[in-house]
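Okay, structure first, notes after.
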Amino acid sequence: MSFSKKTIRDIEVKGKTVLLRADFNVPVKDGKITNDYRIKQSLPTVQYLLEHGAKLVVCSHLGRPEGKRDTDASLFPVAKRLDTFLPDTNVSFVNECIGEKAQTAVQKLKPGELLLLENVRFHAEEEKNDPEFAKQLASLADVFVQDGFGVVHRAHASTEGVTKHLPSVSGLLLEKEVDTITKVMEAPERPLMAVVGGAKISDKIEILNRFIDMADFVAVGGAMANTFLAAQGIDVAKSLYEPDDIPLAKSIIEKARAKSKAQPFTFYLPQDGVAAHKIDRTATTRIVDWSAHVISSIEHYPKRAPREAGVVHKDEMILDIGPFSASFIAGGVQLAKTVVWNGTMGVTETEGLRGPVGPFAHGTDIVTQAVLGEFGTKPFTVVGGGDTVGYVENQGLVSAFGHVSTGGGASMELMAGQTLPGVAALEDKSKGS
Ligand code: 3PG
Ligand code: MG
């Protein structure tokens with residue numbers, strides 16, 4: 001099924017004031033944007049609207065200022081970045097998003113000019129989806145365009161409430177995200193492999209269940225795997241895991257087992273891991289091999305490895321998948337035509353002593369190489385989830401992937417088959433077109 005909502009291509013914007021909701025929730029450190037992927041991804045829609053003669057008013061949130069004005073969460077740095085990206089466009093900024101100040105700034109706009117409004121979350125009414133606030137936002141424009149894919153899983157005033165007052169259509173990024181992700185989940189080229197990582201099972205329970213339903217191969221890594229290991233009776237010692245979710249992990253394993261009995265299907269949990277005492281680039285690391293029995297002590301292969309080779313010491317943490325597990329997953333990738341990847345395989349934020357790949361990022365690095373075709377075949381890969389996208393971006397690899405989503409929670413909810421309120425609220429294509 002292709003995207004069913006009206007887009008900016010279906011409407012006339014010439015001379016109209018267009019309110020564009022973007023997701024400019026980018027990381028800002030000391031007033032500097034440290035990653036502008038989301039801003040870059042908004043440009044096709046921004047440029048389309050400007051070229052078609054719209055007076056363009058853009059709104060967004062940044063961070064979670066919880067209804068209060070907070071200079072650290074100002075969108076001003078984003079206005080400056082937009083200005084650099086749009087050298088021929090008059091870009092301005094107003095430090096309000098509603099009321100007289102905003103109105104006055106909007107009235108000054110000419111076709112082909114862009115005005116960025118200040119963070120909508122400086123008003124508590126935004127997240128409450130307050131009808132009056134939504135109405136005030138809407139009063140600034142003639143048309144609403146939703147292009148902030150990363151935020152459409154929230155029913156807020158600037159994503160849902162506002163659509164009650166204006167003709168509301170989709171931007172090009174939102175269309176591309178929803179189209180690509182939906183296609184991969186509903187009609188992927190098979191075999192479909194899902195690689196799921198990150199910290200918590202509880203965050204990804206829906207997505208895991210859907211992957212077990214849809215995919216041919218599901219591999220789990222990251223801290224989330226620790227809960228699965230614990231559910232199988234492996235002592236994970238100081239590793240991050242969720243004791244309360246052990247029953248959940250057991251039920252997922254059961255479900256996966258049942259599927260693999262009924263049809264060709266693989267559910268893969270790591271068989272080895274990288275253990276250390278601290279999360280630090282100088283940490284001494286050790287491979288613990290709890291079930292592959294291939295790495296730790298080759299001279300005793302296969303049966304008589306010393307006990308400690310298979311045991312995480314009581315003061316150690318598992319911080320990455322081990323080389324055997326990474327190779328196994330990379331092997332699975334060779335057989336896949338489509339890969340959906342959500343969540344890193346270990347701690348990727350720690351830099352290395354010599355280069356960008358830190359001591360706990362080798363598992364993620366091997367998976368990255370595999371999906372990018374370094375070992376032979378290159379599947380179409382969709383990457384989603386904040387930590388994975390951050391890793392891929394920091395390695396400068398975004399353009400090598402089939403699709404790198406700008407959404408965190410939104411891409412996960414979409415993959416899990418949930419309705420996104422910010423998309424549902426837009427006009428359907430059939431309606432009057
Ligand atoms: C995101 O970064 O996931 C989106 O911008 C949504 O932000 P939120 O999780 O604070 O609603
Ligand atoms: Mg400019």
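In listed order, ligands and their atoms are each counted from 1.
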Does any N or O of ligand 1 fall below 3.5 Å from an N or O anywhere on Asn25, backbone included? yes

Using a strict cut-off of less than 4.0 Å between a Lys/Arg side-chain nitrogen and an Asp/Glu carboxylate oxygen, indicate whether Glu96 and Arg69 qualify as a salt bridge. yes

d(Lys108 NZ, Lys55 NZ) to nearest 0.5 Å is 14.0 Å

Heavy-atom contacts with Arg121 under 4.0 Å: which atoms of ligand 1 show up? List them by number with element. 7 (O), 8 (P), 10 (O), 11 (O)

Under 4.5 Å between any side-chain heavy atoms of Val26 and Arg81, yes or no? no

Are Arg154 and Glu160 close enough for a salt bridge, meaning some N to O gap below 4.0 Å? no

Mark up the atoms of ligand 1 that fall under 4.0 Å of a heavy atom belonging to Asp23, in ascending order. 4 (C), 5 (O)

Nearest non-hydrogen contact with atom 8 (P) of ligand 1 belongs to which option: Arg64, Glu127, Arg38? Arg64

Quick check on the 6.0 Å ring-centre criterion: do Phe328 and Tyr268 meet it? yes

Does some non-hydrogen atom of His61 fall short of 4.0 Å from ligand 1? yes

Are Met412 and ligand 1 in contact, using a heavy-atom cut-off of under 4.0 Å? no

Can Asp147 and Arg21 be counted as an ion pair, charged N to O under 4.0 angstrom? no

Which residue and atom name correspond to the protein heavy atom nearest atom 11 (O) of ligand 1, and how close is it? Arg154 NE, 2.6 Å

